[in-house]
Amino acid sequence: MLLKLLKKEMKKIDCDTLIISSVLDREVPVKDGEIMKRLIRNSELVLFYRSGHFSYIDEESKFIRVVRGFIDN
């Protein structure tokens, strides 16, 4: 899996990072988002509950709200 290859790189990330994960995503499971959250300092994990892999389409309003909130902070 790609995540295994990227773990070392994720530990190097040194900026605020927003991770969006969807519980219905069959391509990238929530557990991968949780691993990313643990590996990336200063990261925030937001879960989407009514969308699959394309949360920015399936829950567009929530996606925009979450990203704007992250940027504004």
Side-chain angles (χ1 to χ4, degrees):
M1 177 183 271
L2 184 61
L3 183 62
K4 282 187 174 184
L5 298 172
L6 295 176
K7 283 183 178 181
K8 288 181 184 177
E9 298 304 315
M10 285 185 215
K11 291 179 182 180
K12 297 177 187 176
I13 296 174
D14 187 3
C15 62
D16 294 344
T17 303
L18 175 62
I19 303 163
I20 294 175
S21 184
S22 300
V23 298
L24 302 177
D25 190 338
R26 292 184 183 185
E27 303 298 321
V28 182
V30 171
K31 69 179 177 101
D32 287 359
E34 292 166 345
I35 291 169
M36 291 178 212
K37 166 71 176 129
R38 192 172 64 246
L39 294 173
I40 301 172
R41 291 182 300 274
N42 301 317
S43 64
E44 176 183 343
L45 173 63
V46 177
L47 296 179
F48 281 58
Y49 294 93
R50 289 183 279 157
S51 57
H53 189 64
F54 300 102
S55 58
Y56 61 93
I57 295 171
D58 299 335
E59 293 186 72
E60 180 182 4
S61 296
K62 179 179 178 180
F63 184 87
I64 291 169
R65 197 170 47 253
V66 166
V67 171
R68 281 186 177 154
F70 182 79
I71 292 170
D72 289 345
N73 287 330

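Nothing here was measured: the structure is a model prediction, and the numbers come from that model.
- Cluster partners of Phe54, using a side-chain heavy-atom cutoff of under 4.5 Å among ILVMFWY residues and allowing indirect links, are Leu18, Ile20, Val46, Phe48, Tyr56, Ile57, Phe63, Val66, Val67, Phe70, Ile71.
- Partners of Ser22 according to the side-chain hydrogen bond (donor to acceptor under 3.5 Å, both in side chains) rule, which considers only residues two or more places apart in sequence or in another chain, are Ser51.
- To the nearest 0.5 Å, atoms CE (Met10) and CD1 (Ile35) are separated by 8.0 Å.
- Summarising the geometry, atom CG belonging to Asp25 is positioned 11.5 Å from atom CG belonging to Leu47; distances are rounded to the nearest 0.5 Å.
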### Message
Quick one, Leu6 with Met36, criterion side chain to side chain contact (heavy atoms under 4.5 Å, CB included). Give me CA distance, side-chain angles, the key distance, then yes/no.
### Response
CA-CA 9 Å; Leu6 295 176; Met36 291 178 212; over 6 Å; no
### Query
Step by step, would you call Arg50 with Asp58 a side chain to side chain contact (heavy atoms under 4.5 Å, CB included)?
CA-CA 7 Å; Arg50 289 183 279 157; Asp58 299 335; over 6 Å; no
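- Of all heavy-atom pairs spanning Tyr49 and Glu59, the tightest one is N-OE2, 3.6 Å.
- Within 6.0 Å of CZ in Arg41 there are more than 12 heavy atoms belonging to other residues, nucleotides or ligands.
- Ser21 has its side chain out of reach of Asp32: every pair of non-hydrogen atoms, C-beta onward, lies at least 4.5 Å apart.
- Under the rule for a side chain to side chain contact (heavy atoms under 4.5 Å, CB included), the partners of Glu60 that lie at least two apart in sequence or sit in another chain are Ile64.
- The closest side-chain heavy-atom distance from Lys12 to Glu9 is below 4.5 Å.
- Within the 3.5 Å criterion, the main-chain N or O of Thr17 finds no donor-acceptor partner in the side chain of Ser43.
- For Glu34 and Lys37, the salt-bridge test fails: no basic side-chain N is under 4.0 Å from an acidic carboxylate O.
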